[in-house]
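Written out below as structure tokens is the structure these notes cover.
Chain naming here is simple, since letters A, B, ... match the order of the sequence lines and numbering starts at 1 in each.
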Protein chains: 2
Amino acid sequence: MAINRRMDFQADEIALADFAKAISHPARIAILKILAQQKSCICGEIVEGLPLAQATVSQHLKELKASGLIKGTIEGKTSCYCIDWEVFNQFVAHFGIFADLSQNANCQSQSCC
Amino acid sequence: MAINRRMDFQADEIALADFAKAISHPARIAILKILAQQKSCICGEIVEGLPLAQATVSQHLKELKASGLIKGTIEGKTSCYCIDWEVFNQFVAHFGIFADLSQNANCQSQSCC
DNA sequence: ATTTTATATCGCAAATATACGATGAATTAT
DNA sequence: ATAATTCATCGTATATTTGCGATATAAAAT
């Protein structure tokens, strides 16, 4: 692109967009689903459940970790990942801004669209 | 990339990822915010509220429309866009799958991560 | 009829994302 | 000590996204 306009937007818009981007790939949704149903999880089990090479899964895990949605610690030979529910729920709640904004006037009538 | 693995994932994973991708750009979040607080909206007003060229905004609107999150009709000289709340709320509700999956065992203890 | 206005689409350049093999680093098993 | 295991990172190829000027389209105003 000619110019990166990212910083011309508001902080909350960037934050919500970044959260969305973190989960905007089926592999990362699948990883979150796997993590959500595990008490704890090593990377190996995640790789086995996905149609991707180990390097690719590791890269997706890195992105999820960078977004804050998952936490990870190295435990000896293996790594342990899990969802950071505090961060996750905070972001999901953030979607409420749209409903809040529409409280007064929204556009559900036939006459509009 | 060497191979596109998209179709190796489950339909619900693809659907949720696509929704996230549709809103994974600050401009599209900003557009949704503008639409949420308007009764109806022509593209011109949206362009004025964004730090982007008209062509770029039109492109973002096209993506949002393709995702189903917004509806649009051409009304004479102008176009009218608005949020499709039915679709929007359905997708937000879809995030519940993670909480559902974690109902039995999740990972919020210190001992895990 | 011509000009103006509003918006969409085309075509291109630059930036980012996706995917994977190869390799590295650290730990555990032999 | 050496080998095997587990996972991260590097390098690289290709695909997709982003952004905009130029142009097209179509209605409204003159």
Side-chain angles (χ1 to χ4, degrees), chain A residues 1-9 13-14 17-31 34-35 40-67 70-82 113, chain B residues 1-9 13-14 17-31 34-35 40-67 70-82 113:
Chain A
M1 73 196 93
I3 302 159
N4 187 343
R5 294 294 188 195
R6 167 171 244 261
M7 289 315 168
D8 296 335
F9 293 92
E13 292 163 354
I14 294 169
D18 283 350
F19 164 63
K21 178 166 283 183
I23 60 172
S24 70
H25 193 287
R28 295 196 286 274
I29 297 287
I31 289 171
I34 292 171
L35 291 180
S40 67
C41 203
I42 58 170
C43 183
E45 291 173 25
I46 298 173
V47 172
E48 284 159 30
L50 294 176
L52 296 170
Q54 180 266 326
T56 307
V57 173
S58 188
Q59 200 167 275
H60 282 302
L61 284 165
K62 190 180 180 183
E63 283 176 67
L64 282 171
K65 197 173 177 183
S67 77
I70 69 173
K71 296 181 285 188
T73 51
I74 298 168
E75 297 200 356
K77 192 166 58 176
T78 65
S79 289
C80 170
Y81 285 106
C82 63
C113 290
Chain B
M1 72 197 91
I3 302 159
N4 187 343
R5 294 293 188 195
R6 168 170 243 262
M7 288 316 168
D8 296 335
F9 293 93
E13 292 164 353
I14 294 170
D18 283 350
F19 164 64
K21 177 167 283 183
I23 60 172
S24 70
H25 192 286
R28 295 196 287 275
I29 296 287
I31 289 170
I34 292 170
L35 290 181
S40 66
C41 203
I42 58 169
C43 183
E45 292 173 26
I46 299 172
V47 171
E48 286 158 30
L50 294 176
L52 295 171
Q54 180 267 325
T56 307
V57 173
S58 188
Q59 200 169 275
H60 283 301
L61 283 166
K62 190 181 180 183
E63 283 176 67
L64 283 171
K65 197 174 177 184
S67 78
I70 69 173
K71 297 181 285 188
T73 50
I74 297 168
E75 297 201 357
K77 192 166 57 175
T78 65
S79 288
C80 170
Y81 285 106
C82 62
C113 290

To the nearest 0.5 Å, tell me how far [X] [atom1] sits from [Y] [atom2].
X	Y	atom1	atom2	answer
Leu35(A)	Leu64(A)	CG	CG	8.0 Å
Leu61(A)	Tyr81(A)	CG	OH	5.0 Å
Ile70(A)	Glu63(A)	CD1	CD	10.5 Å
Ile23(B)	Ile31(B)	CD1	CD1	12.5 Å
Leu52(B)	Ile46(B)	CG	CD1	12.0 Å
Glu13(A)	Arg28(B)	CD	CZ	13.0 Å

[N] [atom2] sits how many Å from [X] [atom1], rounded?
X	N	atom1	atom2	result
Arg6(A)	dT17(D)	CZ	C1'	14 Å
Asp8(A)	dC20(D)	CG	C1'	14 Å
Glu45(A)	dC7(D)	CD	P	9 Å
Ile3(B)	dT16(D)	CD1	P	14 Å
Leu50(A)	dC20(C)	CG	C1'	15 Å
Ile42(A)	dA8(D)	CD1	P	11 Å
Phe9(A)	dG19(D)	CZ	P	7 Å
His25(A)	dA19(C)	NE2	C1'	9 Å

Between [X] and [N], is there a side-chain N or O to OP1/OP2 distance below 4.0 Å?
X	N	value
Asn4(A)	dT16(C)	yes
Ser79(B)	dA8(C)	yes
Tyr81(B)	dA8(C)	yes
Arg28(B)	dT18(D)	yes
Lys21(A)	dA17(C)	yes
Arg5(B)	dC20(C)	yes

Exercise for review: Mind running a 4.0 Å heavy-atom check of residues 53-62 of chain B against DNA chain D and sending the residues that fall below it, in number order?
Suggested key: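 Residues of residues 53-62 of chain B under 4.0 Å from DNA chain D: Ala53(B), Ala55(B), Thr56(B), Gln59(B), His60(B).
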Exercise for review: Indicate the ring-plane relationship of His25(A) and His60(A), choosing parallel, tilted or perpendicular according to the 30° and 60° boundaries.
Suggested key: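 Tilted, since the angle between the ring planes falls between 30° and 60°.
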Exercise for review: Select base, sugar-phosphate, or nothing to describe what Lys65(B) touches, counting heavy atoms under 4.0 Å on all strands.
Suggested key: nothing
Point to revise | Arg6(B)/Asp18(B) under side chain to side chain contact (heavy atoms under 4.5 Å, CB included): CA gap, chis, key distance, verdict | key: CA-CA 11 Å; Arg6(B) 168 170 243 262; Asp18(B) 283 350; 2.4 Å; yes
Check your understanding: Do Glu48(B) and Ile34(B) have side chains that get closer than 4.5 Å, going by heavy atoms?
Key ->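 A side-chain contact is absent here, since even the closest heavy-atom pair is not under 4.5 Å.
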Check your understanding: Side chain of Ser24(B), backbone of Lys21(B): donor and acceptor closer than 3.5 Å?
Key -> yes
N/O to N/O distances under 3.5 Å, protein versus nucleotides 28-30 of chain C:
none

